[in-house]
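Below, all heavy atoms of this structure are taken into account, side chains as well, without hydrogens, waters or symmetry copies. Along the sequence shown, the residues carry numbers beginning at 1.
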Amino acid sequence: MTSPSPESKPDPQPEDGGVYADRVFRSSSAIAGGVLLLGLAVWLGGDALVRGSGRTPWLALAGLLFVVPLIVAYTVRPAVHANAERLRVRNPFRTITLPWGAVEGLRAGYSSEVFAGGGTKYQLWAIPVSLRARKKAARRQVRDAAQDPHGRTSAVLSGRDLGRTRAPSDQALDDLRELAERHAGEPGAQGEPSVRWAYEILAPSVAGAVLLVILLLVG
C-alpha cells in the first residue's frame with residue numbers, strides 16, 4: 001500500500017532578522033481522504049439523527065462522537081511544524097515539541113521517525129513513507145542522469161536536480177535534518193522534549209464509546 005506524499009510550506013527569512021516562520025509538513029492525500037470520510041459520517045449520522053426513531057438518534061449521536069474525532073485524529077490533525085528553534089510533531093493523539101538541541105537524529109525507513117535523548121523515538125505521522133514513490137524517484141534519477149546534456153552522473157547532479165528525484169518523504173526528512181544541523185547549537189534551540197496529550201480528541205471519542213456501549217447494553 002502506498003502512502004500519501006507530504007507537502008511543505010516555505011520558511012522565508014524574516015526581513016527583520018527574527019525567527020523563521022514555521023515550515024509545515026502535511027499529507028494532502030490524508031486530508032482529502034479525511035474530509036471525504038467526515039462528509040460521509042456527517043451525512044449518514046445526520047440523517048439518522050433527523051429521521052431516526054426510538055434509540056436510533058441516540059445511537060447515531062454516540063457513533064458520531066466516537067468516530068468523528070478518530071477520523072480527524074488520523075487524517076486532518078497530523079502535521080510537522082519546524083522553525084529555527086524547535087520541531088513540533090502533531091500526531092493523532094499527542095503533540096511532541098522537540099527543541100533542535102534535543103534532536104539526535106531523523107530517519108525514514110518504513111516510517112518517518114525522530115530520535116531524542118535516551119533513544120526515545122517519535123513517529124512523524126504527517127510524513128508517511130511510500131516505497132512506490134521511492135522506486136519511482138530512483139528510476140527518475142537514473143533516467144535524468146542518463147539524459148543529462150552535461151554528461152554528469154547521479155553522483156554529481158546538483159542539489160536542485162536531486163531534490164526533484166527524491167521521494168517526498170525522503171526530501172522532507174532531508175530538509176528537517178538540514179534545519180537540525182543548522183540550529184542545534186543555538187541558545188534558543190535548547191531544552192527538553194515535551195509531550196501533550198490531545199484531550200480534545202480523546203475526550204469526545206471516549207464519551208461516544210461509553211455512550212454507545214451503554215445504549216447497546218440497555219437495549
Undergrad: Could you check whether any side-chain heavy atom of E85 comes within less than 4.5 Å of a side-chain heavy atom of E186, counting everything from C-beta outward?
TA: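 Contact flag for E85/E186 side chains = no.
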
Undergrad: Which residues pass the salt bridge (charged side-chain N to carboxylate O under 4.0 Å, His left out) test with R107, not counting sequence neighbours?
TA: E113

Undergrad: Should L64 and L38 be regarded as members of a common hydrophobic cluster, given that ILVMFWY residues are connected when their side-chain heavy atoms come within less than 4.5 Å of each other, either directly or indirectly?
TA: yes

Undergrad: In the single-linkage hydrophobic clustering (I, L, V, M, F, W, Y; side-chain heavy atoms under 4.5 Å), do L37 and V67 co-cluster?
TA: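 The answer is yes; both residues are in one hydrophobic cluster.
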
Undergrad: Verify, without hydrogens or angle tests, whether R26 (side chain) and V76 (backbone) share a donor-acceptor contact under 3.5 angstrom.
TA: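 Such a contact is found between R26 side chain and V76 backbone.
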
Undergrad: Are Y199 and F66 in one and the same hydrophobic cluster, where Ile, Leu, Val, Met, Phe, Trp and Tyr link if side-chain heavy atoms are under 4.5 Å apart?
TA: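 Yes, Y199 and F66 fall within the same hydrophobic cluster.
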
Undergrad: If a pair satisfies side chain to side chain donor-acceptor pair (under 3.5 Å) and one of its residues is in residues 96-105, list it, with sequence neighbours excluded.
TA: none

Undergrad: Taking F25 as the fixed residue, which of L124, L176, V89 is the one that meets the side chain to side chain contact (heavy atoms under 4.5 Å, CB included) rule?
TA: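 Exactly one candidate clears the test, L176.
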
Undergrad: Who pairs with T75 by side-chain contact (heavy atoms from CB on, under 4.5 Å), at least two apart in sequence or on another chain?
TA: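 Residues passing side-chain contact (heavy atoms from CB on, under 4.5 Å) with T75: I71.
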
Undergrad: Might you work through the side chain to side chain contact (heavy atoms under 4.5 Å, CB included) test for W197 and L202, ending with a clear yes or no?
TA: CA-CA 8 Å; W197 288 94; L202 293 169; 4.1 Å; yes

Undergrad: Any donor and acceptor pair, going by atom type alone, linking the side chain of D170 with main-chain N or O of L173 inside 3.5 Å?
TA: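 No: the side chain of D170 does not pair with the backbone of L173.
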
Undergrad: Considering non-hydrogen atoms only, spot the tightest contact between P92 and A198 and give its length.
TA: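 Closest pair (atom of P92, atom of A198, distance): O-CB, 4.3 Å.
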
Undergrad: Indicate the atoms forming the closest heavy-atom contact of G52 with P57, along with that distance.
TA: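 It is O-CG, 3.6 Å.
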
Undergrad: Do L98 and R86 touch side chain to side chain, with heavy atoms closer than 4.5 Å?
TA: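 They are not in side-chain contact.
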
Undergrad: Work out which heavy atom in G191 is nearest to a heavy atom in A102; give both atom names and the distance.
TA: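 Distance-wise, the nearest heavy atoms are O-CB, 3.7 Å.
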
Undergrad: Is any side-chain heavy atom of L65 less than 4.5 Å from a side-chain heavy atom of S205?
TA: no

Undergrad: List, by chain and then residue number, the residues other than W43 in its hydrophobic cluster (Ile/Leu/Val/Met/Phe/Trp/Tyr, side-chain heavy atoms under 4.5 Å); write none if there are no others.
TA: L40, L44

Undergrad: In the hydrophobic clustering that connects Ile, Leu, Val, Met, Phe, Trp and Tyr at side-chain heavy-atom distances below 4.5 Å, which members other than V210 occupy its cluster, ordered by chain and number?
TA: V206, I214, V218

Undergrad: Treating Ile, Leu, Val, Met, Phe, Trp and Tyr as nodes and any side-chain heavy-atom pair under 4.5 angstrom as an edge, say whether V72 and V42 lie in one connected cluster.
TA: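 V72 does not cluster with V42.
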
Undergrad: Write out all pairs satisfying side chain to side chain donor-acceptor pair (under 3.5 Å) with one or both partners inside residues 49-66, taking only residues at least two apart or from two chains.
TA: D47-R51

Undergrad: Rounded to the nearest 0.5 Å, what separates atom CG in L179 from atom CG in D174?
TA: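 One gets 11.5 Å once the value is rounded to the nearest 0.5 Å.
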
Undergrad: Could you give the distance from CG (L59) to CG (L216), rounded to the nearest 0.5 Å?
TA: 6.0 Å

Undergrad: Mind listing the closest non-hydrogen atom pair of A84 and A189 along with its distance?
TA: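 Reported closest heavy-atom pair: O-CB, 4.2 Å.
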
Undergrad: Would you list the pairs meeting salt bridge (Lys or Arg N to Asp or Glu O under 4.0 Å) in which at least one residue belongs to residues 59-75, sequence neighbours left out?
TA: none

Undergrad: Is there a side-chain contact between Y122 and I96 in this structure, where contact means two heavy atoms from C-beta onward sitting under 4.5 Å apart?
TA: yes

Undergrad: Answer with yes or no whether the hydrophobic clustering places L70 together with I31; edges join I, L, V, M, F, W, Y residues whose side-chain heavy atoms lie under 4.5 Å apart.
TA: no

Undergrad: Do the side chains of R90 and V80 get nearer than 4.5 Å, heavy atoms only?
TA: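 No, every pair of side-chain atoms sits at 4.5 Å or beyond.
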
Undergrad: Heavy atoms only: give me the nearest I127-A172 pair and the separation to one decimal.
TA: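 Residues I127 and A172, closest heavy atoms: CG2-CB, 3.9 Å.
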
Undergrad: Between D22 and V24 (side chain of the first, backbone of the second, donor and acceptor by atom type, cut-off under 3.5 Å), is there such a pair?
TA: no

Undergrad: Run the salt bridge (charged side-chain N to carboxylate O under 4.0 Å, His left out) test against E200 and tell me which residues pass, sequence neighbours left out.
TA: R77, R196

Undergrad: Taking it one step at a time, do E178 and R182 satisfy salt bridge (Lys or Arg N to Asp or Glu O under 4.0 Å)?
TA: CA-CA 6 Å; E178 182 181 351; R182 186 188 308 165; 2.7 Å; yes

Undergrad: Heavy atoms, side chains only, cut-off 4.5 Å: are V114 and V103 in contact?
TA: yes

Undergrad: R94: what forms a salt bridge (charged side-chain N to carboxylate O under 4.0 Å, His left out) with it, not counting sequence neighbours?
TA: none

Undergrad: For F93, enumerate each residue passing the ring pair (Phe, Tyr, Trp, His ring centres under 6.0 Å) test, keeping only those at least two apart in sequence or located in another chain.
TA: Y74

Undergrad: State which residues pass side-chain contact (heavy atoms from CB on, under 4.5 Å) with Q123; sequence neighbours excluded, sorted by chain then number.
TA: S111, W125

Undergrad: Mind checking what makes side-chain hydrogen bond (donor to acceptor under 3.5 Å, both in side chains) contact with Q190, not counting sequence neighbours?
TA: none

